[in-house]
Amino acid sequence: MSVWDDIVAAITEASGKRFVPNSQGTLGGGCINSAFRLSNGEHDWFVKTNHAARIDMFDAEAAGLNALADSATLKVPRALCTGTSGDTAFIVMQHIRFGNGSTRGWQAAGRGLAAMHAHNAHAFGWERNNTIGASPQPNAWRDDWITFWREQRLGFQLGLAARHNHGSRLQKLGDQLLTRFHVLVDHAPQPSLLHGDLWGGNLSFDSHGEPVIYDPATYFGDREADLAMTELFGGFSPDFYAAYREAWPIDAGYRVRKTLYNLYHVLNHLNLFGGSYGAQAERMMQSLLAEC
Ligand code: ADP
């Protein structure tokens, strides 16, 4: 049996309906995985593949997609199944036919995200660990957001950076920040359902103009962490932010916390790609220390 035979068999089993594909297209990979479309003319499935060792990453992605879809606030491709075949791991989800954004689409995205953030948990974290890009992301439940952010987000990425030999200067600034940043988080956030990796590459619009989010790193945390990431690589449309704020106003302290929350993603990029992200992380830490 080929990998494709195994994927087709998994689709048949999970959907409860014999699936016989009549077209298969390569979609070109995302940042991490190879991507394909499988269709039988009636149902289209989006398939990502990677090495078999990444099956945990796909299991966590499937759980994240379905948790976001269950909130019924923004369109999310529901995961059908995950599995392995020989050296290959795969995830199968609903295929989305993409179209164009519009003012109305961006407004719907802002309102939808605010509604998604209104879904709460009893604590910060999630039911399982997952990944952010290709890095592990620990999600053990914590009652206190500052402890969560210190240990499971900034501290965890600084630990990875130390193991990758990223500068004593970075570590020194990191240590100072970990002991002082709590003064910046003075707004008692509630544990909101987060996408977790909400940059422009992970939000798009379907062929009807409806916003769609995908490729999440789901957990329950401060909603400002999601908003911050939308601003890290260029920002979303002003219509998005206006609609979000109208649905749920944003605290003034977000201006500074945005840097605190995006530091996590910049450290992650340093650990994944190296290069100038080290200098960027140091500049962010210096500006945060000045605010403390
Ligand atoms: P990676 O995990 O490798 O970063 P993504 O999940 O971001 O991959 O997907 C890569 C690209 O495939 C996305 O940028 C998007 O264009 C497209 N894509 C993602 N999910 C779907 C889907 N459910 N249906 C159709 N295309 C998708």
Side-chain angles (χ1 to χ4, degrees), residues 3 7-8 10-11 14-15 19 21 23-84 87-101 105 109 112-113 116 128-137 194-219 226 229-230 232-234 236 265 268-269 271-273:
V3 171
I7 293 174
V8 166
I11 293 174
S15 64
F19 182 74
S23 82
Q24 173 192 327
T26 304
L27 297 175
C31 300
I32 302 165
N33 306 292
S34 304
F36 308 87
R37 185 178 67 90
L38 261 187
S39 176
N40 66 356
E42 190 189 344
H43 284 294
D44 284 2
W45 297 107
F46 179 69
V47 181
K48 292 200 288 189
T49 61
N50 206 318
H51 298 298
R54 304 297 288 186
I55 184 62
D56 270 0
M57 178 181 79
F58 283 155
D59 285 343
E61 180 174 348
L65 285 168
N66 291 345
L68 299 185
D70 286 346
S71 78
T73 48
L74 276 171
K75 181 165 178 172
V76 181
R78 212 171 250 290
L80 178 72
C81 59
T82 58
T84 54
D87 292 344
T88 304
F90 60 86
I91 178 170
V92 180
M93 68 187 81
Q94 179 193 357
H95 179 269
I96 305 288
R97 196 179 293 270
F98 289 115
N100 296 318
L113 189 68
M116 197 180 97
R128 59 175 300 156
N129 296 335
N130 50 13
T131 52
I132 178 78
S135 302
Q137 178 167 266
L194 303 187
H195 177 285
D197 194 8
L198 196 55
W199 67 292
N202 288 341
L203 181 148
S204 198
F205 299 89
D206 71 7
S207 53
H208 304 290
E210 187 182 347
V212 192
I213 54 172
Y214 41 88
D215 204 15
T218 308
Y219 65 103
D226 256 0
M229 177 124 216
T230 67
L232 182 56
F233 299 116
F236 288 9
H265 296 291
N268 186 38
H269 277 65
N271 284 317
L272 292 173
F273 310 117

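Counting starts at 1 for both ligands and their atoms, in listed order.
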>> Below 30° counts as parallel, above 60° as perpendicular, anything between as tilted: where do the rings of Trp199 and Phe233 land?
In response: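 Perpendicular: the ring planes of Trp199 and Phe233 meet at over 60°.
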
> Can you name the closest pair of heavy atoms from Thr84 and Ala52 and give their distance?
Replying inline: CG2-O, 4.1 Å

> Is a side-chain donor or acceptor of His195 paired with a backbone partner of Tyr214 at a separation under 3.5 angstrom?
Replying inline: yes

> Between Asp44 (side chain) and Arg37 (backbone), is there a donor-acceptor pair under 3.5 Å?
Replying inline: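 No: the side chain of Asp44 does not pair with the backbone of Arg37.
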
Would you be so kind as to tabulate the donor-acceptor pairs closer than 3.5 Å made by side chains of residues 56-68, with sequence neighbours excluded?
residue, atom, partner, partner atom, Å
Asp59, OD1, Thr82, OG1, 2.6
Glu61, OE1, Lys48, NZ, 3.2
Glu61, OE2, Lys48, NZ, 2.9
Asn66, OD1, Ala79, N, 2.8
Asn66, ND2, Ala79, O, 3.4

>> I need the contact type for Pro77 against ligand 1. Using non-hydrogen atoms and a strict under-4.0 Å cut-off, is it side chain, backbone, both or neither?
In response: side chain

With a cut-off of 4.0 Å, which atoms of ligand 1 are near a heavy atom of [X]?
X: Asn33; result: 1 (P), 2 (O), 3 (O)
X: His95; result: 24 (N), 25 (C)
X: Asn202; result: 7 (O)
X: Met93; result: 23 (N)

So for ligand 1, is [X] a polar contact partner (N or O within less than 3.5 Å, distance only)?
X: Glu61; answer: no
X: Lys48; answer: yes
X: Asp215; answer: yes
X: Ile96; answer: yes

> Knowing that exactly one of Val3, Asn33, Leu38, Ile91 qualifies, which makes a side chain to side chain contact (heavy atoms under 4.5 Å, CB included) with Val47?
Replying inline: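 That would be Leu38; it is the only one of Val3, Asn33, Leu38, Ile91 passing the side chain to side chain contact (heavy atoms under 4.5 Å, CB included) with Val47.
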
> What residues form a salt bridge (Lys or Arg N to Asp or Glu O under 4.0 Å) with Arg128, not counting sequence neighbours?
Replying inline: none

> Which is closest to atom 13 (C) of ligand 1 in terms of heavy atoms, Trp199, Tyr214, Phe36?
Replying inline: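 Nearest heavy atom to atom 13 (C) of ligand 1 lies in Tyr214.
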
